[in-house]
Amino acid sequence: MSDSTVTEPEGREQPADPRAVTGGHGPARGVRRPRRPRLWFEILLIAVSYWTYSAIRNAVPEQRVQALSNADAVWRLEHRLGIAVEQAVNHAANSVTWLIIGMNYYYATLHFVITVGVLVWLYRWHPGRYAATRLALFATTGVALAGYYLFPLAPPRLMSGGRFVDTVTRHHTWGSMASGDLKHMSNQYAAMPSMHIGWSLWCGLALFALASLPWVRVLGLLYPAVTLLVIVATANHFWLDAVGGVLCLAVGVTLARLWYGSLPYALPRRVAAPAPEPAQAPSA
């Protein structure tokens, strides 16, 4: 495969548009062009960014009364929309012990493992698209932080009345940082938007758009769908939290497109080497 090709969704290769590498001309031109990522910088950036995200998320005041009131409002809205089936899904999944225990571990681990794995894959195999997709992910997460401040929301498992089952507590599994023995280390009222959905959809879109193997592309589509089922079955989120995660990702992808002048997946796979400077004529 040539280093200057773009992989279409069907897996075919076409010559890269040189303007996509150099920044192009006209209204589609971005603020900056993709550059070859540096491993040490990316590791440091991701570590610092995740630490900052966790610190800010957990620094949001735990407005319990407001968060519970917002949860009741979301629950009433979902009833009006005819989509308030989270309780039925939660109880059905909880009745199958092996299934709900697997979902607990899925919720606690794959959210991080797969996101980091896709970042590594993009860095190694799609360096020309890496910076733009990483920017989309970081921007998505930044918008979510604003949501945690502006709209504190209790997850269904914390709603009064005991209508939902906290599956981590019930089955004594090592799970969510916001449940069980680890609940004091995480803000429990930062359910809107769901970054499990925002991040999983980011992973799924990257895999579907860029993977050459059909079964990997199918997995890319299945991953956010299964994640949606898991976050509801474990009573960690409402359906509308997932909608919030999708909207955050839409903002993140839009910002990346404006910054680079193209959707991240449409950029060239490789970063073109800088053009040599023209030789200067000898002075008289």
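Positions are given from 1, in the same order as the sequence printed here. Computation of the quantities below employed the complete heavy-atom set of this structure, encompassing side-chain atoms and omitting hydrogens, waters and symmetry-equivalent molecules. Please read all numbers here as calculations on a predicted model, not as lab measurements.
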Check: Is there a donor-acceptor contact under 3.5 Å from the side chain of W239 to the main chain of I83?
Finding: yes

Check: What is the minimum heavy-atom distance between T254 and A250, and which atoms define it?
Finding: OG1-O, 2.7 Å

Item checked: Co-membership, hydrophobic cluster, residues V116 and Y130, 4.5 Å side-chain -> no

Note to self: Nearest 0.5 Å, please: how far is CZ in R170 from CD1 in I101?
What the structure shows: 12.5 Å

Notebook entry, point to check: So do R129 and Y123 actually touch side chain to side chain, heavy atoms under 4.5 Å?
Noted result: no

Notebook entry, point to check: If every non-hydrogen atom of A131 is compared with every non-hydrogen atom of Y260, which pair is closest and at what distance?
Noted result: CB-OH, 3.4 Å

Note to self: Donor-acceptor pair, distance only, cut-off 3.5 Å: does the side chain of N90 make one with the backbone of F164?
What the structure shows: no

Note to self: To the closest 0.5 Å, what do you measure between OG1 (T115) and CZ (F112)?
What the structure shows: 8.5 Å

Notebook entry, point to check: Under the side-chain hydrogen bond (donor to acceptor under 3.5 Å, both in side chains) test, which residues partner S194, sequence neighbours left out?
Noted result: none

Notebook entry, point to check: So, does H79 use its side chain to make a donor-acceptor pair with the main chain of W75 at under 3.5 Å?
Noted result: yes

Notebook entry, point to check: Any side-chain heavy atom of R270 sitting closer than 4.5 Å to one from P127?
Noted result: yes

Next item on the list: State, without any angle test, whether T140 and W199 hold a side-chain donor-acceptor pair at a distance under 3.5 Å.
Entry: no

Check: Taking the side chain as C-beta and beyond, is there a heavy-atom pair between T133 and L267 under 4.5 Å?
Finding: no

Notebook entry, point to check: Which pair of heavy atoms, one from W121 and one from H126, lies closest together, and at what distance?
Noted result: CZ2-NE2, 3.6 Å

Checklist line | Cluster link L205 to V216, ILVMFWY, side chain under 4.5 Å | finding: yes

Just list the side-chain donor-acceptor pairs under 3.5 Å for residues 218-230, sequence neighbours left out, or say none.
{"from": "Y223", "atom 1": "OH", "to": "L110", "atom 2": "O", "distance (Å)": "3.3"}
{"from": "T227", "atom 1": "OG1", "to": "Y106", "atom 2": "OH", "distance (Å)": "2.8"}
{"from": "T227", "atom 1": "OG1", "to": "Y223", "atom 2": "O", "distance (Å)": "2.8"}

Check: Counting distance only, does the side-chain N/O of R269 pair as donor-acceptor with the main-chain N or O of W125 below 3.5 Å?
Finding: yes

Checklist line | Contact check, side chains of D72 and S69, non-hydrogen atoms, under 4.5 Å | finding: no

Item checked: Spacing of CD1 belonging to I100 relative to OH belonging to Y105, to within rounding of 0.5 Å -> 12.0 Å

Margin query: So, using side-chain hydrogen bond (donor to acceptor under 3.5 Å, both in side chains) as the criterion, who are the partners of W202 when residues are at least two apart?
Written below: none

Checklist line | Gap between atom CG of L255 and atom CZ of R257 - 0.5 Å precision | finding: 12.0 Å

Checklist line | Exam field: side chain D166 to backbone R157, donor-acceptor pair closer than 3.5 Å | finding: no

Next item on the list: Compute both the distance and the angle, then confirm whether R217 meets the cation-pi test with F208: under 6.0 Å from the six-membered ring centre, within 45 degrees of the axis.
Entry: yes

Notebook entry, point to check: Is there a chain of hydrophobic side chains (I, L, V, M, F, W, Y, each step under 4.5 Å between heavy atoms) that links L150 to L145?
Noted result: no

Next item on the list: Considering only Ile, Leu, Val, Met, Phe, Trp and Tyr, and joining two whenever side-chain heavy atoms are under 4.5 Å apart, list the other residues clustered with L68.
Entry: none

Notebook entry, point to check: Who are the side-chain hydrogen bond (donor to acceptor under 3.5 Å, both in side chains) partners of D241, not counting sequence neighbours?
Noted result: H237

Notebook entry, point to check: Does the side chain of V232 reach to within under 4.5 Å of the side chain of F238, using non-hydrogen atoms?
Noted result: no

Check: Applying the 4.5 Å side-chain criterion to the ILVMFWY set and letting contacts propagate, would V251 and W259 be lumped into a single cluster?
Finding: no

Checklist line | Hydrophobic cluster membership, V143 vs V246, 4.5 Å side-chain cutoff | finding: no

Next item on the list: Please lay out, stage by stage, how M103 and W98 fare under the test side-chain contact (heavy atoms from CB on, under 4.5 Å).
Entry: CA-CA 9 Å; M103 286 184 169; W98 64 265; over 6 Å; no

Next item on the list: Give a yes or no on whether the backbone of L240 and the side-chain of E78 come within a donor-acceptor separation of less than 3.5 Å.
Entry: yes

Next item on the list: State whether a side-chain donor-acceptor pair under 3.5 Å links T167 with N104.
Entry: yes

Checklist line | Note, R64 side chain near P152 side chain (heavy atom, < 4.5 Å) | finding: no

Next item on the list: Please list, chain by chain and in numerical order, all residues satisfying side-chain hydrogen bond (donor to acceptor under 3.5 Å, both in side chains) with R134, sequence neighbours excluded.
Entry: E42

Notebook entry, point to check: In Å and rounded to the nearest 0.5 Å, what is the CG to CG distance from L137 to L249?
Noted result: 8.5 Å

Check: Closest heavy-atom contact between Y149 and Q63?
Finding: O-NE2, 4.4 Å

Margin query: Looking at every heavy atom in both A256 and A132, which two are closest together, and how far apart are they?
Written below: CB-O, 3.5 Å

Next item on the list: Report yes if some heavy atom in the side chain of Y189 is under 4.5 Å from a heavy atom in the side chain of N70; otherwise report no.
Entry: no

Check: Atom CD in E86, atom CZ in R163: separation rounded to 0.5 Å?
Finding: 11.0 Å

Next item on the list: Identify the two heavy atoms, one from A206 and one from Y265, that lie closest to each other, and give their separation to 0.1 Å.
Entry: CA-CE2, 3.8 Å

Notebook entry, point to check: Can you find a heavy atom in the side chain of T234 that is under 4.5 Å from one in the side chain of V165?
Noted result: no

